[in-house]
Amino acid sequence: MDKAGKTVALETLKGVFEESGAVIVTHYSGMTVAEMTKLRGALRKDGGQLKVVKNRLAKIALDGKGGDDAQALFQGPVAIAYSPDPVSAAKAADEFAKDNAKFIIIGGVMGDVVLDAEGVQALAKLPSLDQLRGKLIGLLQAPATKVAGVIQAPASQLARVVSAYASKDAA
């Protein structure tokens with residue numbers, strides 16, 4: 001890679017580390033192209049991406065985030081999985097790692113926090129941003145539905161009483 005290419009790659013990596021909710025660091029040694037394509041598709045479905053990175057460029061792009069612990073993650077053949085939502089990249093990587101022994105999760109960087117492999121797995125178990133939004137909307141709509149039911153109940157009870165008296169008088 002020439003110097004101009006390294007500069008572009010470095011700027012891209014800096015953007016990834018700043019804009020992503022979480023960056024999951026993995027080893028991919030021995031994986032086939034088909035397996036990598038499958039993983040990329042799973043990440044893309046949730047808005048994430050997978051990128052094979054040069055360790056030296058990744059360490060420079062970190063720019064001190066996470067300290068020495070984050071720097072230590074970048075050894076060997078490294079690929080990073082990332083997305084704007086911190087949970088979706090971790091979830092997709094964790095699910096893929098369960099089915100593929102060659103794909104190993106090393107850790108992750110979430111802002112200034114460095115996660116180990118167990119931390120990434122714990123992050124993967126959390127609900128995604130879209131799921132949380134759905135739950136929140138459900139919680140916001142539930143009281144309105146209950147209020148409408150409570151307001152409507154006396155009117156329906158009154159209608160049933162009037163109907164009962166009407167049917168009683170008709171009989």
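Predicted model, so just to flag it, every value in this text is computed and none were measured.
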**Student:** Distance check, rounded to the nearest 0.5 Å: Leu73 atom CG versus Asn55 atom CG?
**Tutor:** 10.0 Å

**Student:** Please determine whether the number of non-hydrogen atoms from other residues, nucleotides or ligands lying under 6.0 Å from atom NZ of Lys38 exceeds 12.
**Tutor:** no

**Student:** Tell me if a side-chain donor or acceptor on Gln49 pairs with a main-chain N or O of Tyr82 at a distance below 3.5 Å.
**Tutor:** no

**Student:** When rounded to the nearest 0.5 angstrom, what distance separates OG1 in Thr26 from CD1 in Ile105?
**Tutor:** 7.5 Å

**Student:** Does Phe17 belong to the same Ile/Leu/Val/Met/Phe/Trp/Tyr cluster as Ile106, with side-chain heavy atoms less than 4.5 Å apart forming each link?
**Tutor:** yes

**Student:** What is the minimum heavy-atom distance between Ala124 and Ala90, and which atoms define it?
**Tutor:**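 Of all heavy-atom pairs spanning Ala124 and Ala90, the closest is CB-O, 3.6 Å.
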
**Student:** Which atom pair, heavy atoms only, marks the closest approach of Gly48 to Ser83?
**Tutor:**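 What the structure gives for the nearest pair is CA-CB, 3.5 Å.
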
**Student:** State, yes or no, whether a side-chain contact exists between Met31 and Asn100 at a heavy-atom distance under 4.5 Å.
**Tutor:** yes

**Student:** Between Leu126 and Val23, is there shared hydrophobic-cluster membership here, with clusters defined by ILVMFWY side-chain heavy atoms closer than 4.5 Å?
**Tutor:**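 Result: no, two separate clusters.
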
**Student:** Return each pair, listed once, that meets salt bridge (charged side-chain N to carboxylate O under 4.0 Å, His left out) where at least one residue sits in residues 92-104; pairs must be two or more places apart or across chains.
**Tutor:**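 Found Asp94-Lys98.
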
**Student:** Calculate, to the nearest 0.5 Å, the distance between atoms CG and NZ belonging to Leu123 and Lys91 respectively.
**Tutor:** 9.0 Å

**Student:** Is there side-chain contact between Leu13 and Val53, with heavy atoms separated by less than 4.5 Å?
**Tutor:**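 Contact flag for Leu13/Val53 side chains = yes.
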
**Student:** Find the distance between CZ (Arg56) and CD1 (Ile60) and round it off to the nearest 0.5 Å.
**Tutor:**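 Reported value, rounded in 0.5 Å steps: 4.5 Å.
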
**Student:** Using 0.5 Å steps for rounding, measure from the OG atom of Ser88 to the CD1 atom of Ile24.
**Tutor:**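 So the OG of Ser88 and the CD1 of Ile24 are separated by 9.5 Å.
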
**Student:** If you take all heavy atoms of Asp46 and Ala92, which pair is closest and at what distance?
**Tutor:** OD2-CB, 4.4 Å

**Student:** Nearest 0.5 angstrom please: Leu115 CG to Gln121 CD, how far?
**Tutor:**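 CD of Gln121 is found 11.5 Å from CG of Leu115.
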
**Student:** Please tell me if the side chains of Arg44 and Leu50 come closer than 4.5 Å, counting only heavy atoms from C-beta onward.
**Tutor:**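 Counting from C-beta outward, Arg44 and Leu50 never come under 4.5 Å.
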
**Student:** When hydrophobic residues are tied together by side-chain contacts of less than 4.5 Å, even through go-betweens, does Met36 share a cluster with Val78?
**Tutor:** no

**Student:** Between Glu35 and Thr32, is there a donor-acceptor pair closer than 3.5 Å when you use the side chain of the first and the backbone of the second?
**Tutor:** yes

**Student:** Does Ile104 belong to the same Ile/Leu/Val/Met/Phe/Trp/Tyr cluster as Val25, with side-chain heavy atoms less than 4.5 Å apart forming each link?
**Tutor:** yes

**Student:** Please report the closest heavy-atom contact between Gln75 and His27, naming both atoms and the distance.
**Tutor:**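 Looks like O-NE2, 2.7 Å.
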
**Student:** Side-chain heavy atoms under 4.5 angstrom apart, residues restricted to Ile, Leu, Val, Met, Phe, Trp, Tyr: same cluster for Val16 and Val120?
**Tutor:**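 Each belongs to a different hydrophobic cluster.
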
**Student:** Tell me if the aromatic rings of Tyr28 and Phe103 count as close, with their centers under 6.0 Å from one another.
**Tutor:**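 Centroid distance Tyr28-Phe103: not below 6.0 Å, so no.
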
**Student:** Nearest heavy-atom pair of Ala22 and Met110: which atoms, and what distance?
**Tutor:** CB-CG, 4.0 Å

**Student:** With a 4.5 Å heavy-atom cut-off, do Phe74 and Ile80 have their side chains touching?
**Tutor:**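 Side chain of Phe74 against side chain of Ile80, heavy atoms only: contact under 4.5 Å found.
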
